[in-house]
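Notes follow the structure.
FYI, side chains are in, hydrogens and waters are out, and symmetry mates aren't considered; it's all heavy atoms of this structure. Proteins get letters first, then strands, A, B, ... in listed order; numbering begins at 1 in each.
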Amino acid sequence: MNEAVRTKKPSKLIRGATGDWEVVIGMEVHAQVASNAKLFSGASTEFGGAPNDHVSLVDAAMPGMLPVINRECVAQAVRTGLGLKAAINLRSVFDRKNYFYPDLPQGYQISQYKQPVVGEGAVEVDMPDGETITVGIERLHLEQDAGKSIHDQSPTMSLVDLNRSGVALMEIVSKPDIRSSEEARLYLTKLRTILRYLGTCDGDMEKGSLRADVNVSVRRPGEPLGTRCEIKNVNSIRFVGQAVDYEARRQIEIIEEGGTIDQETRLLDASKGETRSMRSKEEAHDYRYFPDPDLLPLEFEQGWVDGLAAELPELPDAKKTRFIAGHGLSAYDATVLTAEKETADYFEAVARGRDAKLAANWVINELAGRLNREGKSIVDTPVSAAQLGAILDLIGENVISGKIAKDLFEIVFAEGGDPREIVEKRGMKQVTDTGAIEKVVAEIVAANPDKAEQARLKPAMIGWFVGQVMKASGGKANPQAVNAALKAKLGME
Amino acid sequence: MSGITDLTIAEIRDGLGRKQFSAVELAKGYLANMEKARALNAYVAETPEKALAMAAESDKRIAAGTARALEGVPLGIKDLFCTEGVHSQAASHILDGFKPVYESTVTANLWRDGAVMLGKLNMDEFAMGSSNETSYYGPVTNPWRSRNSNAPLVPGGSSGGSAAAVAARLCAGATATDTGGSIRQPAAFTGTVGIKPTYGRCSRWGIVAFASSLDQAGPIARDVRDAAILLKSMASVDPKDTTSVDVPVPDYEAALGQGVKGLRIGLPKEYRLDGMPAEIEKLWEQGKEWLKDAGAELVDISLPHTKYALPAYYIVAPAEASSNLARYDGVRYGLRVPGDDVIAMYENTRAAGFGKEVRRRILIGTYVLSAGYYDAYYIRAQKVRALIKRDFDLAFEAGIDAILTPATPSAAFGLAAMATASPIEMYLNDIFTVTVNMAGLPGIAVPAGLTGDGLPLGLQLIGRPFDEAMLFRAGEVIEQAAGRFPVSEKWWA
């Protein structure tokens with residue numbers, strides 16, 4: 001394991017009873033390859049279905065069956081490697097990892113041990129304080145998923161569902177470059193974003209498409225790496241944070257009380273937010289890895305890789321840079337908008353030919369906030385990019401005020417419809433007729449002579465008058481026109 | 001006609017073509033022989049209904065003038081081949097009751113060409129053995145007996161059932177497999193011709209795996225021409241076996257009759273073993289003379305790594321087997337012996353289901369792949385393997401067309417004669433044959449003479465990759481010089 005070189009920010013250290021500690025984290029992320037068929041058989045990878053619906057003779061390890069590599073899965077792994085700015089190995093080898101389990105029909109998992117398809121790469125992670133950290137990628141390899149053992153449907157038997165048996169997984173191994181639970185969460189979030197941009201994994205953690213094994217150790221700043229524990233199969237980003245926090249605390253307490261850390265595999269009990277021991281190093285399996293003699297080494301040409309690289313979509317980092325440089329957005333807004341490809345696409349559709357900053361504001365604050373309250377994602381938005389664009393156009397044309405625009409957005413969100421028609425039909429147009437505005441201003445000033453007097457001495461009082469005029473106009477008066485008329489009437493200029 | 005079942009496949013082809021007899025008559029002749037020969041224990045399952053139905057179909061084809069290459073030829077199939085709906089158990093208890101829903105590519109090729117299935121042939125359990133004594137169904141008895149004794153002899157192994165059935169006229173030809181000599185050694189012990197083709201010549205799909213990087217299917221037949229006819233049908237590139245090779249299958253029969261004039265035949269000095277029986281030595285000398293008389297040039301060559309082949313083979317083959325046989329766990333098919341928990345079920349099932357020799361090889365294979373031993377055993381054996389292959393490459397690069405060696409270090413030995421011997425003594429049976437598997441080359445065993453006791457002995461020819469035609473060509477020269485070796489007395493009938 002390489003000794004990561006990271007400057008230690010005091011804010012990331014954990015305070016123990018005897019001083020500061022640094023937590024060191026590496027992650028192995030299992031990402032299900034987005035493909036129609038399994039890694040070595042033609043069986044479907046569709047989620048759900050009755051148990052054992054999607055099982056071929058190969059998946060069930062019938063005698064004499066042989067694996068045949070699915071080229072699309074290899075292409076997906078290479079695309080992912082390219083997205084992680086990683087070295088692509090033109091020659092890699094599949095190995096057998098041998099162990100017995102009822103949901104592992106072959107008695108071995110076909111994986112890549114010494115020669116993975118993808119080598120070293122890097123992921124850039126933006127922290128909320130503006131810092132960008134780089135997490136090294138050690139490797140990415142292809143492997144088969146196992147089936148599922150079901151222990152709770154019969155008092156005397158365990159049942160086995162092989163639908164997942166043989167489904168292609170990418171195991172993405174990071175270097176131990178992560179230094180806090182927040183970094184761990186944001187690394188996984190960023191990795192998920194990249195995979196979803198690439199279309200190589202749907203990133204659906206609820207369906208198990210993305211799972212993480214988290215390696216955690218602690219040390220005094222500047223000292224060599226401590227003994228690590230591996231927390232297996234953490235299946236949400238929030239749980240990754242929980243697992244790291246708990247595990248770091250647990251290890252610090254043990255060491256501070258004079259104990260030592262046993263290298264072991266642990267499980268997260270998400271309901272309690274605790275990790276508990278699953279097996280120790282002594283109980284660890286001897287997997288007896290050796291090259292799978294049923295499969296020739298996986299070899300492909302650089303030209304094929306170049307072809308895949310040329311068709312790669314724009315990735316979040318590049319998109320973010322473009323949003324900042326091309327649209328003049330802040331780094332924060334660009335990060336938020338590029339976190340999901342769908343959001344970025346939506347934003348670009350709204351911003352096309354319009355004020356990009358205004359579009360960003362509306363997408364981030366109004367739309368995202370509203371969707372969040374409804375528990376919906378951008379994919380299910382009831383307000384299309386064209387509808388939001390129309391609302392922004394109405395603002396730009398001074399047909400409605402920003403305030404009315406929010407009401408209009410609410411109507412479109414709830415009821416749908418053409419924003420322009422709604423404004424027309426419901427009389428939401430703002431009043432820019434200065435004569436009409438001056439008339440209202442005159443009435444209100446006349447009705448409140450004492451306040452008018454105060455306002456002349458204390459110009460901030462004008463806000464009260466603006467509010468009164470707006471109220472009287474049903475919010476439709478143009479605020480600039482109101483301001484100007486008031487200032488003139490009160491003789492403030 | 002001494003009997004319809006004494007005809008070679010070439011003669012059957014002619015006879016059926018001239019309507020001298022029908023395919024159904026032929027099949028009935030063999031079924032009658034099989035019934036009378038049950039004492040030999042060559043078949044583990046007979047399929048008379050299937051045989052007669054297939055023969056009837058052949059007769060229709062012949063009548064219609066649409067006969068195929070192997071129309072009506074009755075074959076026995078080694079139990080290692082999966083045959084749809086028919087007993088396919090690798091002569092093991094652990095596959096109790098297993099009847100596949102699929103057909104191996106090799107047997108499918110044979111049925112496509114019109115061959116008729118008589119039944120499944122006995123073998124050493126999972127093809128592990130050199131005497132056919134490790135079968136769950138009991139040993140096969142060699143149809144040959146010594147001139148001076150009625151003591152039963154072994155037919156060799158692992159394709160003992162195939163060799164015995166061909167020699168005893170219980171089928172016109174048989175499928176077999178060869179991982180370290182399992183076609184050539186039993187062929188030599190029974191006066192039949194057996195060829196192990198180049199690795200990748202026949203598909204392994206649907207053949208129960210023993211050692212995937214060494215296993216290869218081939219025929220055992222009455223004579224060289226029949227072996228050539230059968231291999232032509234068995235061989236194919238198969239998208240379901242990515243280790244099969246896309247090289248056109250030549251018309252092997254066309255190579256016959258070309259003689260060996262001007263060919264360079266290599267004689268490896270390392271195959272002259274200390275303490276080699278004089279009869280084997282004499283046979284080898286005789287073979288050289290025949291080829292020389294036919295116009296070949298004899299060239300002394302050296303294959304310096306030969307002595308490491310057997311030990312390296314007994315690391316590689318068990319290593320792969322230990323993993324290949326992990327799927328027989330009692331979970332999905334075959335034998336299940338219950339236990340208190342799943343581990344106990346595994347242990348009980350595998351202890352009861354595997355015979356002693358299979359268990360021994362699983363243990364050896366597990367050991368050599370274990371952490372701490374892998375480099376010392378498996379990696380070194382792979383290096384030796386590469387050196388053995390290089391020895392052959394250099395010989396062929398120097399212009400050698402084929403290599404002549406004895407097929408076995410002895411003639412057939414007595415049933416149970418090796419019962420008290422160490423396993424190593426049994427393994428020595430493969431001393432002349434394993435190098436060929438380690439190098440992936442084709443090798444043929446051709447009967448060449450009798451011992452003083454009247455037991456058959458064979459010579460082996462080793463060829464360049466995918467140059468099986470050369471082996472048939474040179475083998476035919478030996479066959480013509482040595483004569484045929486039919487079993488003299490059908491003592492079992």
Side-chain angles (χ1 to χ4, degrees), chain A residues 40-42 52 55-71 93-110 113-114 146-147 149 151 156-162 165 281 284-299, chain B residues 80-82 88-90 92 95 98 100-102 104-105 200 203-209 211-215 238-244 316 319-320 322-334 341-343 345-347 350 365-374 378-379 382:
Chain A
F40 296 110
S41 84
N52 299 308
V55 184
S56 76
L57 296 169
V58 175
D59 306 324
M62 299 305 272
M65 292 301 100
L66 298 172
V68 176
I69 185 79
N70 176 344
R71 268 193 93 79
V93 173
F94 285 103
D95 297 280
R96 292 185 183 176
K97 178 180 180 179
N98 295 282
Y99 65 95
F100 283 94
Y101 206 70
D103 59 25
L104 186 76
Q106 294 168 136
Y108 54 84
Q109 176 195 32
I110 305 179
Y113 184 48
K114 287 191 177 159
S149 292
H151 302 295
T156 54
M157 282 187 294
S158 285
L159 304 177
V160 175
D161 176 4
L162 296 180
S165 167
K281 192 184 178 188
H285 294 295
D286 181 351
Y287 290 120
R288 291 170 285 124
Y289 282 99
F290 75 107
D292 191 329
D294 285 333
L295 291 159
L296 300 172
L298 175 61
E299 293 179 312
Chain B
L80 204 63
F81 292 79
C82 288
S88 303
Q89 290 185 213
S92 178
L95 275 167
F98 181 66
V101 296
Y102 48 94
S104 83
T105 299
S203 168
R204 293 184 296 111
W205 193 87
I207 301 173
V208 175
S212 312
S213 74
L214 299 157
D215 296 344
D238 183 357
K240 292 183 287 188
D241 174 6
T242 51
T243 64
S244 68
V316 174
E320 293 183 11
S322 71
S323 177
N324 281 335
L325 271 58
R327 66 186 56 197
Y328 308 109
D329 58 6
V331 174
R332 296 170 313 287
Y333 47 76
D341 56 22
V342 72
I343 301 290
M345 188 276 282
Y346 286 153
E347 289 172 351
R350 289 168 66 85
T366 303
Y367 179 83
V368 300
L369 289 176
S370 297
Y373 299 97
Y374 179 80
Y378 186 79
I379 293 289
Q382 291 294 2

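Residues forming a ring pair (Phe, Tyr, Trp, His ring centres under 6.0 Å) with A:Tyr287 (at least two apart in sequence, or on another chain): A:Tyr99, A:His285. With sequence neighbours excluded, no residue satisfies ring pair (Phe, Tyr, Trp, His ring centres under 6.0 Å) with A:Tyr108.
Contacts of B:Tyr328 with chain A are made by side-chain atoms alone, with heavy-atom separations under 4.5 Å and no backbone atom involved. The part of B:Ala319 that comes within reach of chain A is its backbone (N, CA, C, O), which places non-hydrogen atoms under 4.5 angstrom from that chain. For B:Thr366, the parts sitting under 4.5 Å from any heavy atom of chain A are the backbone and the side chain alike. For chain A, the nearby part of B:Val101 is the side chain; its heavy atoms alone come within less than 4.5 Å. When heavy atoms are compared at a cutoff of 4.5 Å, A:Asp294 approaches chain B by way of both its backbone and its side chain.
The distance from the CZ atom of A:Phe100 to the CD1 atom of B:Ile343 is 9.0 Å, given to the nearest 0.5 Å.
No donor-acceptor pair under 3.5 Å is formed between the side chain of B:Arg332 and the backbone N or O of A:Met62. Between the side chain of A:Asp286 and the main chain of B:Ala371, a donor-acceptor pair closer than 3.5 Å is present.
Considering only heavy atoms from C-beta on, B:Ser370 comes within 4.5 Å of A:Arg288 through its side chain. Side-chain contact check for A:Leu66 versus B:Arg204: some heavy-atom pair is nearer than 4.5 Å.
Each of B:Tyr373, B:Phe98, B:Phe81 has some count of heavy-atom pairs under 4.5 Å with chain A, and the biggest count is that of B:Phe98. Taking chain A as the reference chain and counting heavy-atom pairs below 4.5 Å, the highest number among B:Met345, B:Arg350, B:Gln382 is found for B:Arg350. Interface check for chain A: of the options B:Val342, B:Val208, B:Thr242, the most heavy-atom pairs under 4.5 Å are formed by B:Thr242.
Between A:Asn98 and B:Ser323, the shortest heavy-atom distance links the atoms OD1-OG, 2.8 Å. When all heavy atoms are compared, the tightest approach of A:Gly107 to B:Ala326 is CA-CB, 3.8 Å. A pairwise comparison of heavy atoms in A:Arg96 and B:Glu320 identifies NH1-O, 4.1 Å as the closest pair.
In summary, of the residues considered (B:Ile207, B:Leu325, B:Asn324, B:Leu95), a side chain to side chain contact (heavy atoms under 4.5 Å, CB included) with A:Pro63 occurs for B:Leu95 alone.
In this structure, B:Tyr374 has its ring center no closer than 6.0 Å to that of A:Phe290.
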